[in-house]
Amino acid sequence: MENLETEKFDYVVIGAGCAGLASAQYAARGGLSVLVLDVAGAGGQVLQISELENYPGVFPAVDGATYMMTMQKQAEAFGAKVIQAQVLSIDKTGGSFMIKTKKAAYEATCLCLATGAIHRNLEVPGEKEFSGRGVSYCATCDGPFFRNKKIVVVGGGDSACSEAIYLSTLSSDVSIIHRRNKFRAQQAVIDKMLAAGVKPVYDSVVKEIKGGAKVESVIVENVKTGEQTELTTDAVFIFTGMLPQTDLVDMLPKDPAGYILTDENMETSVPGLFAAGDVRSKPFRQVVTAVSDGAIAAHIASERIRNA
Ligand code: NAP
């Protein structure tokens, strides 16, 4: 870990999801030397999208993996370097940032955090025990295992409703359990989900996931009446929101939900340190807004470096 040789870049991006790769592409095309680091390699959350159907200009829909592979190729074609490595620390020394991974150290004039968010657990008995045995957080990955089986989806946002639509293509028995009587998702997504025959269970929460070798049922409680019922199911897909990945930048100002605050240039309270995509505090988290964040951050960083 000690005596690491330091490689210098104009712009380092942490996170190779759609915000990070878009930022890398714009920065590299603008003439900056660019490095992207991601612990899991390129892709991010978009890899879990079965059909990316709302990105303007991408029609008919493509799957998330195909889209991200193209995005990586495009960023690399403009000269960005994408490396799979876990960033251990970030420090600002003088006018530049020092980024350390286990095997290398990098210096950057500007740095962009595009670390995204990960799924939030439901935190009920049975969730951990049955993870991978019927409990899942990724419909694209695990949905095909439950073709023509009973499926329960938990949540009421865009993720839950979009994934319920996808799961309804695999099974005619998909229920969605939401804690309120109104979904949070975009209306078009709700309409499509209900038209696909997904059965809503409103005002209800999952209290426990039960089974033997694998999931067999969920205990559902009506939050208004307190009544509990047992619903048989083969799978429980949980989409109850996201947790921003901000461990590397504890000191940065964040909103009450923990997302990083930036100005309209995507710049954080630290000059030259940008945040883009789902890790940033903003009203609308979409591929299109993540890509836009990344492009703006790269543009401002390029101007900063050119005028330095
Ligand atoms: P989200 O919008 O935060 O929705 C989380 C859902 O889970 C909410 O309906 C919430 O209920 C429910 N929930 C939270 N904690 C719960 C608990 N402990 N028990 C039961 N239910 C719980 O999260 P998301 O759906 O993952 O979306 C994240 C972001 O990505 C959003 O900005 C979304 O618009 C975006 N996104 C967009 C698309 C698309 O455009 N196709 C697809 C996926 C995600 P309440 O409603 O009562 O709070």
Side-chain angles (χ1 to χ4, degrees), residues 17-19 43-56 58-59 61-64 67-68 114-128 135-141 143 152-168 175-194 196 198 200-209 218-224 228 231 236-245 255-260 276-293:
C18 54
Q45 279 183 71
V46 177
L47 290 180
Q48 299 185 7
I49 297 176
S50 50
E51 273 203 339
L52 178 63
E53 65 166 18
N54 60 356
Y55 194 92
V58 177
F59 187 78
V62 294
D63 64 273
Y67 178 76
M68 292 311 299
T115 42
I118 57 164
H119 68 79
R120 188 187 285 140
N121 289 336
L122 196 52
E123 311 284 1
V124 296
E127 180 181 20
K128 266 199 199 120
V135 170
S136 172
Y137 306 86
C138 176
T140 316
C141 320
V152 158
V153 174
V154 185
D158 280 318
S159 298
C161 295
S162 306
E163 299 312 316
I165 294 168
Y166 165 65
L167 291 166
S168 74
S175 302
I176 182 165
I177 299 173
H178 181 38
R179 63 184 177 183
R180 292 186 294 128
N181 65 359
K182 199 171 183 313
F183 287 110
R184 177 182 292 277
Q186 299 162 81
Q187 193 58 47
V189 178
I190 300 169
D191 293 345
K192 192 169 171 185
M193 175 184 75
L194 297 176
V198 173
V201 181
Y202 295 113
D203 295 320
S204 297
V205 291
V206 169
K207 298 297 281 186
E208 188 179 350
I209 300 167
V218 285
I219 303 294
V220 180
E221 183 177 285
N222 183 301
V223 294
K224 291 201 166 145
Q228 291 198 347
L231 189 65
V236 184
F237 284 88
I238 298 168
F239 301 104
T240 48
M242 308 303 294
L243 295 168
Q245 295 300 285
D255 70 13
Y259 292 89
I260 297 169
D278 280 5
V279 76
R280 188 175 85 83
S281 180
K282 58 181 186 174
F284 198 38
R285 293 194 170 79
Q286 299 280 299
V287 176
V288 74
T289 62
V291 163
S292 164
D293 287 358

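Note that ligands are numbered from 1 as they come in the structure, with each ligand's atoms numbered from 1 the same way.
At the shortest separation from atom 14 (C) of ligand 1 among protein heavy atoms lies Thr240 O, 3.2 Å. For atom 2 (O) of ligand 1, the closest heavy atom belonging to the protein is Arg184 CD, 3.5 Å. Given atom 23 (O) of ligand 1, the protein heavy atom at minimum distance is Gly241 CA, 3.4 Å. Closest to atom 38 (C) of ligand 1, if we only count protein heavy atoms, is Asp158 CB, 3.4 Å. Annotation: atom 44 (C) of ligand 1 to nearest protein heavy atom, Ser159 OG, 3.4 Å. With respect to atom 28 (C) of ligand 1, the closest heavy atom belonging to the protein is Met242 CG, 4.0 Å. From the protein, the heavy atom lying nearest to atom 9 (O) of ligand 1 is Gly156 N, 3.0 Å. Among all protein heavy atoms, the one lying closest to atom 47 (O) of ligand 1 is Arg180 NE, 2.7 Å.
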- Thr289 and Lys282: CA distance, side-chain angles, deciding distance, side chain to side chain contact (heavy atoms under 4.5 Å, CB included) verdict: CA-CA 9 Å; Thr289 62; Lys282 58 181 186 174; 3.1 Å; yes

- Take Tyr67 and Ile49 through the side chain to side chain contact (heavy atoms under 4.5 Å, CB included) test and state the conclusion after the steps. CA-CA 10 Å; Tyr67 178 76; Ile49 297 176; over 6 Å; no

- I would like to know whether Glu163 and Val153 meet side chain to side chain contact (heavy atoms under 4.5 Å, CB included); could you show each step before the answer? CA-CA 8 Å; Glu163 299 312 316; Val153 174; 5.7 Å; no

- Task: Please report the C-alpha distance between Val218 and Val236 in whole Å, then the side-chain angles of each, then the deciding distance to 0.1 Å, and finally whether the side chain to side chain contact (heavy atoms under 4.5 Å, CB included) criterion is met.
- Result: CA-CA 8 Å; Val218 285; Val236 184; 3.6 Å; yes

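If you number the atoms of ligand 1 from 1 as listed, the ones under 4.0 Å from a heavy atom of Gln186 come out as 39 (C), 40 (O). Proximity to Leu122 (heavy-atom distance under 4.0 Å) selects the following atoms of ligand 1: 19 (N). Interface atoms of ligand 1 facing Arg285, defined by a heavy-atom separation under 4.0 Å, are 29 (C), 30 (O), 32 (O), 33 (C), 34 (O), 35 (C), 36 (N), 37 (C).
With Arg179 contributing its side chain and Val205 its backbone, the two residues share no donor-acceptor pair below 3.5 Å. Checking side-chain atoms of Asp293 against main-chain N and O of Gly277 turns up a donor-acceptor pair under 3.5 Å. No donor-acceptor pair under 3.5 Å is formed between the side chain of Ser204 and the backbone N or O of Ile177.
In this structure, Leu167 CG and Met193 CE are separated by 11.5 Å, a value rounded to the nearest 0.5 Å. Atom CD1 of Ile165 sits about 9.5 Å away from atom CD1 of Ile190, to the nearest 0.5 Å. Rounding to the nearest 0.5 Å gives a distance of 4.0 Å between OH of Tyr137 and CG of Asn121.
The part of His178 lying near ligand 1 is the side chain, judged by heavy-atom distances below 4.0 Å. Counting heavy atoms closer than 4.0 Å to ligand 1, residue Phe239 contributes backbone atoms (N, CA, C, O) but none from C-beta onward. At a heavy-atom distance under 4.0 Å, only side-chain atoms of Asn54, from C-beta outward, approach ligand 1.
For Lys128, the side-chain contact (heavy atoms from CB on, under 4.5 Å) criterion is met by no residue, not counting sequence neighbours.
Atom 16 (C) of ligand 1 has its nearest heavy-atom neighbour, among Gln286, Gln48, Arg179, Lys282, in Arg179.
The N/O atoms of Gly157, backbone and side chain alike, include one that comes under 3.5 Å of an N/O atom in ligand 1. Every N/O-N/O distance between Ala160 and ligand 1 stays at or above 3.5 Å.
Within the structure, the closest approach of His119 to ligand 1 does not fall below 4.0 Å when heavy atoms are considered. Using a non-hydrogen distance threshold of 4.0 Å, Val205 does not register as a contact of ligand 1.
Taking the six-membered ring where tryptophan is involved, the planes of Phe183 and Tyr202 are tilted, since the angle between them lies from 30° to 60°.
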